[in-house]
Amino acid sequence: MASLGVSMSGPRFRIAPSPTGFFHVGGARTALYNWALAKRLGGTFVLRIEDTDEARNQPQWTQGIIDALAWIGISSDDPAFEGPYFQSSYAGQHVDAALRLFESGNAYYCDLTAQEVQDRAKAAGKPGYDGYSRDRGLSAGPGRVLRFKTPRSGTTVVHDAVRGEVSFANDTIEDFVLLRSNGSPMFMLANVVDDIEMRISHVVRAEEHLPNAPKQQMLWDALGTVPPVWAHVPVVVNEQRKKLSKRRDKVALEGYREEGFLAAAMVNYLMTLGWAPRGETEIVEWSTIERDFRLEDVNHSPAFFDIKKLMAFNGEYIRALELADFIDACQPFLLSRNVPWPAERFDAAVFAAMAPLVQTRVATLADVPAMVDFLFLADPSVDGAAWTKAIGAAGAKQVLADTIASYRELASWDAESLKTALEEVSARHGLKLGKAQASIRVAVTGRAVGPPLFEPLELLGRTETLRRLLAAESATG
RNA sequence: GGCCCCAUCGUCUAGUGGCCUAGGACACCACCCUCUCAAGGUGGCGGCACGGGUUCGAAUCCCGUUGGGGCUGCCA
């Protein structure tokens, strides 16, 4: 459509999410495929919000989709990005196209109700519409649907960029509805008309749409246009090998952002589902993906969305961050309302000092608060089991008392001195440092595991450290 | 039921007839390092679904079986 001012040069790709309130991770992967191709080929990535129900198809419903795409690097500011478009803006053309199909003899009206169609199918023992009105020559009228007249012989071959040639016997494709009895266009028709109007050249989407491809291709042909390049990529599945669904699985891309996954890690991981970068490592930059991604190389079988592997990728990406960037990335998780400490006790400088120690120890940014909470909590809650094991251990009380005495007199309150002092205490009790530090750790942090001990002790200061050690000592009775 | 798709370690994959006694990554296990936990290093466990072909030679090609999945609306 020239009136839209769309670019006519270069291949045109589109994604067509439905405004469901979240953006599906499977859709994100498909979007990434389209984006990589559009960018490499100097084409256009078209975002079209797919819903013929105008009530649901409002700009405000789509902001979430746009934000989610932006997060994974598909920015509406990029010149290759076009849209978002709303299918409903072509409603008139959908009906026009249907009428043209009727006039050219490619479609016919049928007055059977949905119930009647079902009854006939049941009686015949074959599911689907049986072509009852095919040759009845009905004209348009109330209560009549317009159906596409599919060929009754021959085969329709869909040339698929990832699967090769897929052929369908035409007599297995029923005469599907184009216009409802109230005259409104069906999605299938609307979808094809929009693709034609927008000069879409490549339709890259999930495999679940493959059975629709022959029907859509028939429509392209009947409307006098040459069909696009089809590419049906495998679906993403859960551990039961079923397509990811909103009910059963965690599929919202936004949810992963909230849980502290880095966009770059998410993008990289998503791309490895069904496709592998050329080099010896699968951790690759987007530029590499853009350069190397080919539809022909996409796997044919479904891929399991493995959160464990996503976490491993995320950990790698977190560790690769510059310290300042890591600290920045942590901010939303440190300043969030869900944080365990009172907001006013948070100290950015203390966190900055701890940051290098936590950076190698977290898989997601959401893990960060629990690593440093004891620094900002007035009284860290104590893990009962850890307490019993570390403080209740034989000799632990003496170690505690000895450490308190030593720390009281310590000339310089710094991590190195604190360590040396505790080493001396340990030696006096015939313990290894690893053993002796356990009770100190639990007394001060409330946990048996955590970041290295002496740096936080330094940050906490002598007064507070001793206060906690004393409290632990007296609690042993 | 009908139509369609798929099949390499537990998982994601490399592999396009000889470089394969099948390579990598995640997970798992062991060891090293080490103030706990991580990170890092080293090593280990583990796979071509099955049966027939074709070929001098098959993970790779063909057929079948089995097993998985998707679609099957006057929803989108």
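Lettering of chains follows the sequences in order, A, B, ..., and the numbering in each one begins at 1. What you are looking at is a predicted structure, and each value in this text was computed from that prediction instead of being measured.
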Novice: Give me the residues of residues 235-244 of chain A where at least one heavy atom lies under 4.0 Å from an atom of RNA chain B, by number, or none.
Specialist: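 Of all residues in residues 235-244 of chain A, the ones placing a heavy atom under 4.0 Å from RNA chain B are A:Arg241, A:Lys242, A:Lys243.
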
Novice: Any residue in residues 431-443 of chain A with a heavy atom nearer than 4.0 angstrom to RNA chain B? Just list them by number, or reply none.
Specialist: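 Within residues 431-443 of chain A, the residues near RNA chain B are A:Leu433, A:Gly434, A:Gln437, A:Arg441.
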
Novice: Quick one: list whatever passes salt bridge (Lys or Arg N to Asp or Glu O under 4.0 Å) with A:Arg447, sequence neighbours left out.
Specialist: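 Partners of A:Arg447 by the salt bridge (Lys or Arg N to Asp or Glu O under 4.0 Å) criterion, ordered by chain and then number, come out as A:Asp373.
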
Novice: Does the pair A:Glu116 and A:Arg120 meet the rule for a salt bridge (Lys or Arg N to Asp or Glu O under 4.0 Å), with working shown?
Specialist: CA-CA 6 Å; A:Glu116 288 168 328; A:Arg120 289 179 64 84; over 6 Å; no

Novice: Using side chain to side chain contact (heavy atoms under 4.5 Å, CB included) as the criterion, list what pairs up with A:Thr155, not counting sequence neighbours.
Specialist: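 Applying side chain to side chain contact (heavy atoms under 4.5 Å, CB included) to A:Thr155 gives A:Val157.
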
Novice: What is the base-pairing partner of B:rC3, counting Watson-Crick and G-U wobble geometry with both distances under 3.5 Å?
Specialist: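 B:rC3 is paired with B:rG70.
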
Novice: Looking across every strand, which nucleic acid part, if any, lies under 4.0 Å from A:Leu457 by heavy atom: base, sugar-phosphate, or nothing?
Specialist: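 The answer is nothing, as A:Leu457 stays clear of every strand by at least 4.0 Å.
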
Novice: Residues of residues 303-314 of chain A with any non-hydrogen atom less than 4.0 angstrom from an atom of RNA chain B: list those, numerically ordered, please.
Specialist: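 Those residues whose heavy atoms fall under 4.0 Å from RNA chain B, taken from residues 303-314 of chain A in numerical order, are A:Ala303, A:Phe304, A:Asp306, A:Lys308, A:Lys309, A:Ala312.
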
Novice: What is the pairing partner of B:rG40, taking Watson-Crick or G-U wobble pairs with both distances under 3.5 Å in any strand?
Specialist: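 B:rC32 is the nucleotide pairing with B:rG40.
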
Novice: What pairs of residues pass the salt bridge (Lys or Arg N to Asp or Glu O under 4.0 Å) test when at least one of them lies in residues 422-436 of chain A, not counting sequence neighbours?
Specialist: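 Every salt bridge (Lys or Arg N to Asp or Glu O under 4.0 Å) pair that includes a residue of residues 422-436 of chain A, provided the two are not neighbours, is A:Asp402-A:Arg428.
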
Novice: With a 4.0 Å cut-off on heavy atoms, is A:Gly274 in touch with a base, just the backbone sugar-phosphate, or nothing at all?
Specialist: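 Sugar-phosphate, no base atom in range.
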
Novice: Quick test of your reading: applying salt bridge (Lys or Arg N to Asp or Glu O under 4.0 Å), list the pairs with at least one residue in residues 139-151 of chain A, sequence neighbours left out, ordered by first then second residue.
Specialist: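 Applying salt bridge (Lys or Arg N to Asp or Glu O under 4.0 Å) to every pair that reaches into residues 139-151 of chain A, excluding sequence neighbours, yields nothing.
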
Novice: Going by the side-chain hydrogen bond (donor to acceptor under 3.5 Å, both in side chains) test, which pairs reach into residues 175-194 of chain A, not counting sequence neighbours?
Specialist: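 Checked against side-chain hydrogen bond (donor to acceptor under 3.5 Å, both in side chains) - neighbours excluded - the pairs reaching residues 175-194 of chain A are A:Arg14-A:Asn191, A:Arg48-A:Asn191, A:Gln87-A:Asp194, A:His94-A:Asp194, A:Tyr108-A:Asp175, A:Arg134-A:Asp175, A:Thr150-A:Asp175, A:Arg180-A:Ser184, A:Asn182-A:Ser184.
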
Novice: Taking for each residue the nucleotide of RNA chain B bearing the nearest heavy atom, is the 5' side occupied by A:Thr113 or by A:Gly450?
Specialist: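 Going by which nucleotide is closer to the 5' end, it is A:Gly450.
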
Novice: Is there any side-chain hydrogen bond (donor to acceptor under 3.5 Å, both in side chains) pair reaching into residues 382-391 of chain A, and which pairs are they, with sequence neighbours excluded?
Specialist: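 Output for this query is empty, none listed.
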
Novice: Take nucleotides 39-50 of chain B nucleotide by nucleotide from the 5' end and write B, S or -, depending on whether a protein heavy atom sits under 4.0 Å from the base, only from the sugar-phosphate, or from neither.
Specialist: SS----------

Novice: For a quick check of understanding: with a heavy-atom distance under 4.0 Å over all strands, which category does A:Glu282 fall into, base, sugar-phosphate or nothing?
Specialist: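 Base, at least one base heavy atom under 4.0 Å.
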
Novice: Using both distances under 3.5 Å as the test, list the Watson-Crick or G-U wobble partner of B:rA25, or none.
Specialist: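 B:rU11 is the nucleotide pairing with B:rA25.
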
Novice: Sort out for me which residue in A:Glu207, A:His209, A:Arg205 forms a side chain to side chain donor-acceptor pair (under 3.5 Å) with A:His232.
Specialist: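 That would be A:Arg205.
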
Novice: Kindly indicate whether the side chain of A:Asp249, heavy atoms from C-beta on, has any atom under 4.5 Å from the side chain of A:Phe305.
Specialist: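 No, side chains not in contact.
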
Novice: Under a 3.5 Å cut-off for both distances, is B:rC20 Watson-Crick or wobble paired, and to whom?
Specialist: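 Pair assignment: B:rC20 / none.
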
Novice: Can you list, in residue-number order, the parts of residues 174-192 of chain A that come under 4.0 Å of RNA chain B, counting heavy atoms only?
Specialist: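 Output list: A:Val177, A:Arg180, A:Ser181, A:Met186, A:Phe187.
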
Novice: Does B:rG64 pair with anything, Watson-Crick or G-U wobble, both distances under 3.5 Å, and if so, with which nucleotide?
Specialist: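 Across all strands, the one nucleotide that pairs with B:rG64 is B:rC50.
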
Novice: Using modelled atom types only, decide if a donor and an acceptor are shared between the side chain of A:Asn34 and the backbone of A:Thr30 within a distance under 3.5 Å.
Specialist: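 Checked: pair present.
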
Novice: What does A:Pro451 touch in the nucleic acid at a heavy-atom separation under 4.0 angstrom: a base, only the sugar-phosphate, or nothing?
Specialist: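 Base contact.
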
Novice: Below 3.5 Å is the cut-off: list the nitrogen or oxygen pairs between protein and nucleotides 3-6 of chain B, distance only.
Specialist:
from  : atom 1 : to       : atom 2 : distance (Å)
B:rC5 : O3'    : A:Arg163 : NH1    : 3.4
B:rC5 : O2'    : A:Arg163 : NH1    : 2.5
B:rC5 : O2'    : A:Glu207 : OE2    : 2.9
B:rC6 : OP1    : A:His300 : ND1    : 3.4

Novice: Tell me, do A:Phe13 and A:Tyr33 make a side-chain contact under 4.5 Å, heavy atoms counted?
Specialist: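 The answer is no, as the side chains (C-beta and beyond) never meet within the 4.5 Å cut-off.
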
